[in-house]
Amino acid sequence: MARLSDLLLPTERQPPADAEAISHQLMVRAGLVRQLGAGLWSWLPAGWRVHQRVVAIIREEMERIGSQEVLLPLLQPAEPWRRTGRYDAVGDEMFRLADRRDADMVLAMTHEEAMTHHVAQVVRSYRDLPFSLFQLQLKERDEPRPRAGVLRTREFVMKDAYSFAADVEGLEEQYARFREAYARIYDRSGLRWYEVESDTGMMGGRRAHEYMAPCAAGEDDVVLAVDEDGATRYAANVEVAEATAATVPLPAAGDGPRPVDTPGTATIAALAEQLDRPAGTLLKAFPVVVAERMALVLVRGDHQVEEVKLARALGGPVRQATEEEIGAAIGPAGFIGPVDPATPIRIVVDRAVVESTAASPDGGWVVGANVVDRHLDGVVPGRDFEHEVADVRRVVAGDTVEGLPVTIEPAIEAGNIFQLMTRYSEPLGATFLDADGEERPIIMGSYGIGPARIVAAAVEQYHDDRGISWPKAIAPWDVHVVALGKPGTEEQEVAARVATELEDAGLRVVLDDRAGGAGQKLTDAELLGCPLRITVGRRSLAAGTVEAQIRRGQEDVEGGLPLEGVADAVRDLWERIP
RNA sequence: CGGGGAGUGGCGCAGUCUGGUAGCGCACCCGGCUGGGGGCCGGGCGGUCGCAGGUUCAAAUCCUGUCUCCCCGACCA
């Protein structure tokens with residue numbers, strides 16, 4: 001049993017001045033973690049217990065689906081990273097160093113290369129497949145901006161798993177199993193979470209899902225559609241989300257584009273005001289460069305380009321065009337449009353624009369005229385300029401999916417899964433002979449979880465103005481026994497006895513046997529946030545009872561619990577709480 | 001990388017503009033009282049003011065350089 005009289009639990013009354021996120025403040029105040037440098041955090045005893053409980057859940061669920069635990073080096077030769085092309089591709093985010101013989105080394109930011117390397121050496125035949133490996137190992141990333149305590153750090157423990165299959169069906173099967181395991185992990189951790197479709201990003205591959213825990217400190221935005229029964233019907237990262245926008249009624253187009261003078265109105269807001277028209281009836285021109293080619297993207301004035309969707313639609317990394325490029329290829333910045341650009345360019349019109357055009361058969365839009373201080377009114381896509389159509393806008397709250405309006409919530413990405421396909425097996429020569437004796441690359445998947453993010457997300461989701469209230473599956477202790485009075489008193493003796501009984505009944509117990517005052521002990525208990533608090537003081541002792549409080553909601557058990565048989569009563573209470 | 005802010009005792013801060021022997025609250029140590037929501041009295045410990053250089057009779061304070069940390073944005077397998 002842990003006793004606060006000798007536990008290193010440095011609680012603080014005030015949060016560190018630079019802590020912004022609630023989880024950052026509370027985790028430091030509760031004595032769970034301490035900072036060593038930017039994005040570098042040490043876990044103190046109570047915090048590490050929480051982390052280890054999350055890890056234990058993850059390990060159990062990995063083993064349940066037959067994944068095998070391994071441990072690979074964090075320090076690695078650069079060679080395999082060169083072979084997959086990531087040595088050059090990832091840039092400054094990877095820590096690089098040289099050993100004493102001046103060989104290039106890296107600190108692993110993930111372990112695809114190393115895992116695939118070993119599997120390439122070992123797997124010969126389709127009979128060896130499928131299988132999966134996982135590890136709990138540090139990852140090192142030179143994040144441009146570490147922040148929010150333990151949420152975005154430069155060094156962190158990750159559970160990373162890799163699946164190896166002979167074909168896509170095998171991958172799909174493994175992928176499905178991991179999805180189930182992930183659902184169990186997040187459910188068991190007690191988090192509110194969503195599985196969302198996500199961008200495959202630089203990992204390449206086919207499908208990807210992210211596991212998002214909604215909370216204020218979230219760095220990502222999640223689009224959600226919930227039906228009348230409260231069931232989630234749609235969940236996607238805003239980077240890839242697709243939804244239907246309400247159409248805007250358009251004014252009549254007329255026979256062709258009409259020039260309008262618009263002095264000094266280089267922004268949509270200024271233009272909407274000057275023309276006295278809703279921004280949604282104007283077209284925003286977004287000039288980009290894809291694969292060294294200029295393209296002009298048009299979205300409704302009240303919409304925004306989502307660059308991740310755009311990159312997917314255009315088939316490659318996208319950057320905004322510079323003012324010089326815009327001037328040379330299209331027209332004066334601020335007044336560019338799809339009609340008569342300086343040079344012929346690719347024009348991409350967002351789907352919502354097409355939908356509104358279709359809904360107002362005679363309607364036209366306002367676009368830049370490619371002349372300073374001038375726009376064109378009554379412009380009709382297709383009639384007045386040629387274009388492609390793609391969904392490239394960012395979904396906004398109120399758009400609909402299956403008729404249901406969507407909301408957008410910030411969320412922490414607590415895990416992700418990818419279908420890697422042959423992104424790593426091919427360059428690293430991880431092949432096998434199939435039943436026909438043909439050599440084929442192994443089909444891979446990768447599956448990551450950051451335990452520290454589960455911890456921080458739990459704090460974000462479950463706290464009140466007094467402190468943390470842990471989900472019981474990951475609390476540092478199940479029961480916090482507060483012994484009022486100073487050491488040597490009856491309450492202290494009884495508290496110690498109760499604590500022992502609870503522990504014998506299978507509960508994890510921390511006993512506050514310190515000499516401090518009641519205020520300090522109760523405040524610390526609330527800060528630390530164990531699901532149950534048993535308070536032993538003179539007041540109730542006289543009645544032969546101890547006090548019990550459920551941390552979440554600070555709900556007191558009426559009349560306390562009888563001292564006689566207290567362990568059974570606490571166990572019953574324990575079963576009832578979330 | 002762009003913008004903003006901050007480094008003074010364990011935590012939170014004042015002092016810097018206008019140079020003159022470094023202060024407050026909490027925490028900590030000793031003694032006593034108190035003992036159900038951070039209580040009270042008395043006595044203490046602890047800081048080369050991030051670092052380096054410069055100006056000056058004198059630098060936390062002015063100047064130069066540098067390191068570190070935080071926030072917003074960019075970025076983020």
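Residue numbers start from 1 in every chain, and the chains themselves are labelled A, B, ... in the order their sequence lines are given, proteins ahead of strands.
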(Q) Work out how far the P atom of B:C30 is from that of B:U21, and round it to whole angstrom. (A) 34 Å
Atom pairs, protein N/O to nucleotides 2-4 of chain B N/O, distance under 3.5 Å:
none

Q. Any chance the rings of A:H24 and A:W41 have centres within less than 6.0 Å?
A. yes
Q: Ignoring hydrogens and angles, answer whether the base of B:G37 and the side-chain atoms of A:E526 contain a donor-acceptor pair closer than 3.5 Å.
A: yes
(Q) Please report the distance separating the P of B:G50 from the corresponding atom of B:G15, rounded so that it comes out in whole Å. (A) 15 Å
Q) What's the CE-P distance between A:M212 and B:C76, to the nearest Å? A) 15 Å
Q. Under a 4.0 Å N-O cut-off, is there an ion pair linking A:E12 with A:R29?
A. no
Q.
Under a 3.5 Å cut-off for both contacts, is B:C28 paired Watson-Crick or G-U wobble with anything, and if yes, with which nucleotide?
A. B:G44
Q: Looking at every strand, decide which applies to A:A515 at a 4.0 Å heavy-atom threshold: base, sugar-phosphate, or nothing.
A: base
(Q) Counting only heavy atoms not in A:Q554 (residues, nucleotides, ligands), do more than 12 fall under 6.0 Å from its CD? (A) yes
**Q.** Candidates B:U34, B:C76, B:C69 - which lies nearest the side chain of A:Q35
**A.** B:C69
**Q.** Whole-angstrom distance between B:A59 and B:C17, as gauged at atom C1'
**A.** 15 Å
Q | Euclidean distance for C1', B:U8 against B:G2 (whole angstrom) | A | 30 Å
Q: Kindly point out which of B:C69, B:G35, B:C76 is positioned nearest to the side chain of A:E143?
A: B:C76
Q | Integer-rounded Å distance: B:A27 C1' and A:L9 CG | A | 15 Å
Q. Looking only at side chains, do A:T116 and A:E112 share a donor and an acceptor under 3.5 Å apart?
A. no
**Q.** Any side-chain donor near an acceptor of the partner, A:Q549 and A:D556, under 3.5 Å
**A.** yes
Q: For A:P146, answer base if it contacts any base atom (sugar-phosphate contacts may also be present), sugar-phosphate if it contacts only those atoms, and nothing otherwise; contact means non-hydrogen atoms under 4.0 Å.
A: sugar-phosphate
Q. Looking at B:G25, B:U34, B:C70, which one has an atom nearest to any side-chain atom of A:A38?
A. B:C70
**Q.** Lys NZ or Arg CZ of A:R96 over A:Y87 ring: under 6.0 Å, within 45°
**A.** yes
Q.
If only side-chain N and O atoms count, and only distance matters, is there a donor-acceptor pair under 3.5 Å linking A:H209 with A:Y175?
A. yes
Q) Is the closest basic N to carboxylate O distance between A:R86 and A:E113 below 4.0 Å? A) yes
**Q.** A:S163 versus A:Y447, side-chain donor and acceptor atoms under 3.5 Å
**A.** yes
**Q.** Rounded distance in Å between the C1' positions of B:A27 and B:G38
**A.** 11 Å
Q: Would you kindly give the CG-to-C1' distance between A:D142 and B:C75, to the nearest whole Å?
A: 12 Å
Q. More than 12 non-hydrogen atoms from neighbouring residues, nucleotides or ligands closer than 6.0 Å to CD on A:E219, yes or no?
A. yes
Using a cut-off of under 3.5 Å, enumerate the N/O to N/O pairs linking the protein to nucleotides 38-45 of chain B.
residue, atom, partner, partner atom, Å
B:G38, O4', A:Q520, N, 3.4
B:G38, O2', A:R13, NH1, 3.1
B:G38, O2', A:R13, NH2, 2.5

(Q) Applying the Watson-Crick and G-U wobble criteria at under 3.5 Å, what pairs with B:U16? Answer none if nothing qualifies. (A) none
Q: Would you mind pulling out the nucleotide paired to B:C69, Watson-Crick or G-U wobble, both distances under 3.5 Å?
A: B:G5
Q. Expressed in angstrom and rounded to an integer, what is the separation of A:R154 atom CZ from B:C70 atom P?
A. 9 Å
Q: Whole angstrom is fine here: how far is it from CZ in A:F95 over to P in B:C76?
A: 17 Å
Q.
Counting only Watson-Crick pairs (N1-N3 plus N6-O4 or O6-N4) and G-U wobbles (N1-O2, O6-N3), all under 3.5 Å, who is the partner of B:C76?
A. none
Q. Side chain of A:E547: nearest nucleotide among B:C71, B:C76, B:G36?
A. B:G36
Q) Which is true for A:S540 with a 4.0 Å heavy-atom rule: it touches a base, it touches only sugar-phosphate, or it touches nothing? A) base
Q. Quick one: A:E491 CD to B:G37 P, roughly how many Å, whole number?
A. 13 Å
Q: Name the residue closer to the 5' end of RNA chain B, choosing between A:G516 and A:G37 according to the nucleotide with the nearest heavy atom.
A: A:G516
Q) Which part of the nucleic acid, if any, lies within reach of A:P15 when heavy atoms closer than 4.0 Å are counted: base, sugar-phosphate only, or nothing? A) sugar-phosphate
Q.
If you assign A:P144 and A:L541 each to the RNA chain B nucleotide with the nearest heavy atom, which residue ends up on the more 5' nucleotide?
A. A:L541
**Q.** A:R466 side chain, from C-beta outward: closest of B:G12, B:C71, B:G37
**A.** B:G37
(Q) Between the base of B:C76 and the side chain of A:R152, is there a donor and acceptor pair under 3.5 angstrom? (A) yes
Q.
Between B:G7 and B:A52, how many Å separate the two C1' atoms, rounded to a whole number?
A. 16 Å
Q: Indicate whether any N or O donor in one side chain lies under 3.5 Å from an N or O acceptor in the other, for A:Q137 and A:H111.
A: no
Q: Taking atom C1' in both B:G9 and B:C49, compute the distance separating them and give it to the nearest angstrom.
A: 10 Å
Q. Do A:E20 and A:Q25 have side-chain atoms, one donor and one acceptor, less than 3.5 Å apart?
A. no
Q: Both distances under 3.5 Å, Watson-Crick or G-U wobble: report the partner of B:G35, or none.
A: none
Q | Strand partner of B:U55, provided both Watson-Crick or wobble distances fall under 3.5 Å | A | none
Q. Around atom CG of A:D92, are there more than 12 heavy atoms of other residues, nucleotides or ligands at under 6.0 Å?
A. no
Q.
Whole angstroms only, please: what is the CD-C1' distance between A:Q14 and B:A14?
A. 14 Å
Q. In whole angstroms, how far is the C1' atom of B:G36 from the CZ atom of A:R538?
A. 10 Å
Q: Considering only atom P, compute the distance from B:G44 to B:U61 and round it to an integer number of Å.
A: 31 Å
